[in-house]
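Below: one structure, written as structure tokens.
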Number of protein chains: 2
Amino acid sequence: MRLTANRIAGILRENGYKLTPQRHIVLKVIASSNDLLTPDSILEKSRQEDPSLGRVTVYRTLEVLNKLSLVCKVHSEGRCGSYMMKRPTEHHHHLVCSGCGKAVDITNCSLIDIEKKLSQESGFEIKGHLLEFYGLCHDCVENTPTIHSNKGGTSR
Amino acid sequence: MRLTANRIAGILRENGYKLTPQRHIVLKVIASSNDLLTPDSILEKSRQEDPSLGRVTVYRTLEVLNKLSLVCKVHSEGRCGSYMMKRPTEHHHHLVCSGCGKAVDITNCSLIDIEKKLSQESGFEIKGHLLEFYGLCHDCVENTPTIHSNKGGTSR
DNA sequence: CTCTAATAGATACTTCATTTCAGTTGTAAT
DNA sequence: ATTACAACTGAAATGAAGTATCTATTAGAG
Ligand SMILES: [Mn+2]
Ligand SMILES: [Mn+2]
Ligand SMILES: [Zn+2]
Ligand SMILES: [Zn+2]
């Protein structure tokens, strides 16, 4: 069951947030994409519908959606702080295409068990974990992408 | 076997990079800490030794060290783009304290196996993964931690 | 319809990072 | 040691991303 923009609009109202035309546009942009979107690309797409829509509004809307746990924030390769609509509601992670930004949800996570062992070994009180897989989707493998330059590497 | 600042100095030269006093300072700062360090905190510590050392030099040195795989880049909670000296040379991940920035290396990673299965299911050509655990170290649990020493407020 | 707290966007500002450039220096070859 | 030069440095300008503030507007409850 996938959250539609309209369904989310309802959730907003239920939580005491107003549903403005601007928010509705931003919502539609995020909800209708399967890709990771940077705040900037969300702004760009939103402005196709309302050119006067402000950058601040995008950030504020993302903040609200994040607070209501309606979006997933992803770090991805090179570029941190991209967002996508939350699809599975349970704990999950993402496989992201470095070429086009397409993201697949991964719901079978076995790391929570590991955390317990790790906690004993390290003496840390573990609060959570961040896991993302990255690579190239089928399309991008074929089309020899090279579009998105990934800068500095990440710890693996 | 742990890399010392001097050992790394040698590696730099072997790879055709000059060993300048500034780089040596930056190197020492990173190599002598067990914590995650932001570029800014690296700059600050480096300037204790040479107040005229420039911010650009820190970034350039980090770029070189990253290229030579001598540092681990960590995303951590909230603040992306922190670094620490690479300690195990093999594939590993990190458990990071949100309180003080202390980082523990985790060498038993079973995700590479999972990647294969995931690759078949998704059609992606998986290039790697990003995994980090976060929480509070023993000290920070007891001391009701102050916020991560990453300059300014991490609160949000 | 009325009222008001929530919201939008203009503008200014902050922070982090990169680019440019002219002067400096590590280092290898003489 | 002297030399020669690419590598390197730091100041300054520029760019990118996000935040703060303030005034006018508005969604939506009553
Ligand atoms: Mn998701
Ligand atoms: Mn490490
Ligand atoms: Zn792709
Ligand atoms: Zn700690």
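Lettering of chains follows the sequences in order, A, B, ..., and the numbering in each one begins at 1. Here the structure is a predicted model, which means the values were calculated and not measured.
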Give me the distances for all protein-to-nucleotides 20-22 of chain D N/O pairs that come in under 3.5 Å?
none

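Contact between the side-chain N/O atoms of A/Q22 and the OP1/OP2 oxygens of C/dT7 is not found at any separation under 4.0 Å. Within the 4.0 Å cut-off from OP1 or OP2 of C/dG9, at least one side-chain nitrogen or oxygen of A/T57 is found. Taking 4.0 angstrom as the limit, B/R55 places none of its side-chain polar atoms (N or O) nearer than this to OP1 or OP2 of D/dG10.
Between A/L62 atom CG and D/dG18 atom C1' there is a gap of 12 Å when expressed in whole angstrom units. Look at NE2 on A/H24: it is 13 Å from P on D/dA27, rounded to the nearest Å. Here C/dC16 presents its P atom at 15 Å from CG of B/L37, a figure rounded to the nearest Å. Here D/dA27 presents its P atom at 20 Å from CD of A/E14, a figure rounded to the nearest Å. Atom-to-atom, CG of A/L43 to P of D/dA16 comes out at 14 Å; the value is rounded to the nearest Å. Distance, A/R23 CZ to C/dA6 P: 11 Å, rounded to whole Å. The OH-C1' distance, from A/Y17 to C/dA8, rounds to 16 Å in whole Å. We find that CD of A/E63 is positioned 14 Å from C1' of C/dA6, with the value rounded to whole Å.
Between B/R47 and B/G16, the residue whose closest nucleotide on DNA chain D is further toward the 5' end is B/G16. Each of A/D50 and B/K18 lies near DNA chain C, and the nucleotide nearest A/D50 is the one positioned closer to the 5' end.
Looking at heavy atoms from C-beta onward, B/Q22 lies out of side-chain contact with B/T61 at the 4.5 angstrom threshold. Counting only heavy atoms from C-beta outward, the side chains of B/Y83 and B/L65 never approach each other to under 4.5 Å.
Taking SG of B/C137 as the reference point, atom CG of B/N143 lies at 8.0 Å (rounded to 0.5 Å). Taking OG of A/S119 as the reference point, atom NZ of A/K117 lies at 12.5 Å (rounded to 0.5 Å).
Here the nucleotide nearest the side chain of B/T20, chosen from D/dG10, D/dG28, C/dG26, is C/dG26. For A/R13, the listed nucleotide lying nearest its side chain is D/dG28; candidates were C/dT7, C/dG26, D/dG28. Among the nucleotides C/dT7, D/dG10, D/dT19, the one closest to the side chain of B/L53 is D/dG10.
When A/V58, A/V56, A/V64 are each tested for a side chain to side chain contact (heavy atoms under 4.5 Å, CB included) with A/R60, only one passes: A/V56.
Sparse packing is recorded around CD of A/E44, with 12 or fewer heavy atoms of other residues, nucleotides or ligands lying under 6.0 Å away.
Every residue two or more places apart in sequence or in another chain that forms a ring-ring contact (aromatic ring centres under 6.0 Å, His included) with A/H129 is listed here: A/H91, A/H93, B/F133.
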